[in-house]
> 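Structure below; questions to follow.
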Amino acid sequence: MSDPYETTEQHLERLLRCALNSFDLSDTTIERLGTALAHSSALHSSHHSAALHRETYRHTYLLSDGSALTLWELVHGGARDTDAPLRHELYDDEGDAQVAAARLSGSFWDTRAIADEGARDDLEILTLLTAVPPAPLPRMYAPDNSADHARRVLRRAENVDRPGTETAGLLRAAFAHHITQIFGRQCRVDGRDAGFTLYEHAFLLLDGSETSLWEVEHTATPDGRHMCEVYGDEQTARRAMENRTRIC
């Protein structure tokens, strides 16, 4: 997530410094980026599994001649709960970014097309937050200290209406889990940039049943800090995001 107080110049400097392949960008692209006046960033696709953490971000820059230029940032590393360092790659062509993303996961099956969606108004953001998501791909459960993963998800939740002791007790029997990013978006909240991400943490229990925790990560806080909220069902999680955007 970008720092809402970061200038466009600082933002570009950080991206180019972190990217392992920034030297592959053409001289023309670098020269045009030197005239950037403003920028906007958004998460466009992601993949989270026991073996891979991968996200693709779209960074759009308004240039001094009135035109726009887009960079695609690919961030990847080990599983989301590991301490492995993340790697950053930059592309100025959306096709190249999608090929690179598919290379990491082994196929194009879980890489959605990257399209130029343009600016969205507040009404459309609310519509997206409450929209029924497309049918998910079959879950690929991974046995990876799943009961401990559930405990850590619940522990970092700051909302007072988070799932309680009954849910925590049920999840002690979790032996495999699967993480899916359901939603990701940036918008303006109370005059500041804020980001929202919704994850489903699905757990497979010892008796063969399934249950999920719905995690909302956002920066719609008074000081812009990152906050985590956890809910027992998707509808409640989406309603919580919607309520936080109503002050947009």
> For E166, is the CD atom crowded, meaning more than 12 foreign heavy atoms sit under 6.0 Å from it?
no
> Are H76 and H53 near enough that their ring centres are under 6.0 Å apart?
no
> Treating Ile, Leu, Val, Met, Phe, Trp and Tyr as nodes and any side-chain heavy-atom pair under 4.5 angstrom as an edge, say whether L25 and Y57 lie in one connected cluster.
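No: no chain of side-chain contacts under 4.5 Å links L25 to Y57.
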> Using 4.0 Å as the upper bound for N to carboxylate O, is an ion pair formed by R238 and E242?
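Judged by the 4.0 Å cut-off on N to carboxylate O distance, E242 and R238 do not form a salt bridge.
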> Should the ring pair H149 and H177 be called parallel, tilted or perpendicular, given that the plane angle runs from 0 to 90° and is split at 30 and 60?
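Parallel.
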> Does G195 offer a backbone N or O that forms a donor-acceptor pair with the side chain of T219 under 3.5 Å?
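The answer is yes, because a donor-acceptor pair under 3.5 Å joins these two groups.
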> Tell me, please, which residues at least two apart from N21 pass side chain to side chain contact (heavy atoms under 4.5 Å, CB included).
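Side chain to side chain contact (heavy atoms under 4.5 Å, CB included) check on N21 returns A19, D24, E89, L90, Y91.
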> Please assess H178 against F203 for the test ring-ring contact (aromatic ring centres under 6.0 Å, His included), listing each intermediate value before the final yes or no.
CA-CA 7 Å; H178 176 85; F203 297 92; over 10 Å; no
> Ignoring hydrogens and geometry, is there a side-chain-to-backbone donor-acceptor pair from Q10 to T7 under 3.5 Å?
yes
> Determine whether more than 12 heavy atoms belonging to other residues, nucleotides or ligands lie under 6.0 Å from atom CZ of R87.
no
> Heavy atoms, side chains only, cut-off 4.5 Å: are L205 and F175 in contact?
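Counting from C-beta outward, L205 and F175 never come under 4.5 Å.
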> Would you confirm whether D65, through its side chain, and S67, through its main-chain N or O, come within 3.5 Å as a donor-acceptor pair?
yes
> Which residues satisfy the side chain to side chain donor-acceptor pair (under 3.5 Å) test with T8, sequence neighbours excluded?
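Applying side chain to side chain donor-acceptor pair (under 3.5 Å) to T8 gives H39.
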> Does R225 form a salt bridge (Lys or Arg N to Asp or Glu O under 4.0 Å) with E158? I'd like the steps, not just the answer.
CA-CA 13 Å; R225 72 177 180 85; E158 297 185 48; 2.7 Å; yes
> Can you confirm whether R58 sits close enough to T70 that some side-chain heavy atom of one is under 4.5 Å from a side-chain heavy atom of the other?
yes
> Report yes if the side chains of E217 and E229 come closer than 4.5 Å at any heavy-atom pair, otherwise no.
no
> Could you pull out all residues at least two apart from H218 that satisfy ring-ring contact (aromatic ring centres under 6.0 Å, His included)?
F196
> Looking at V230, is its backbone amide N or carbonyl O close enough to the side chain of N159 to form a donor-acceptor pair, meaning the two atoms are under 3.5 Å apart?
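Such a contact is found between N159 side chain and V230 backbone.
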> If you measure only the distance, is there a donor-acceptor pair under 3.5 Å linking the side chains of E200 and T180?
no
> Are M241 and W214 co-members of a hydrophobic cluster defined by side-chain heavy atoms under 4.5 Å apart?
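W214 clusters together with M241.
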> Quick check: do L12 and Y61 have side-chain heavy atoms less than 4.5 Å from each other?
yes
> Answer yes if the side chains of Y231 and E215 hold a donor-acceptor pair under 3.5 Å, and no otherwise.
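Checked: Y231/E215 side chains show no N/O donor-acceptor pair below 3.5 Å.
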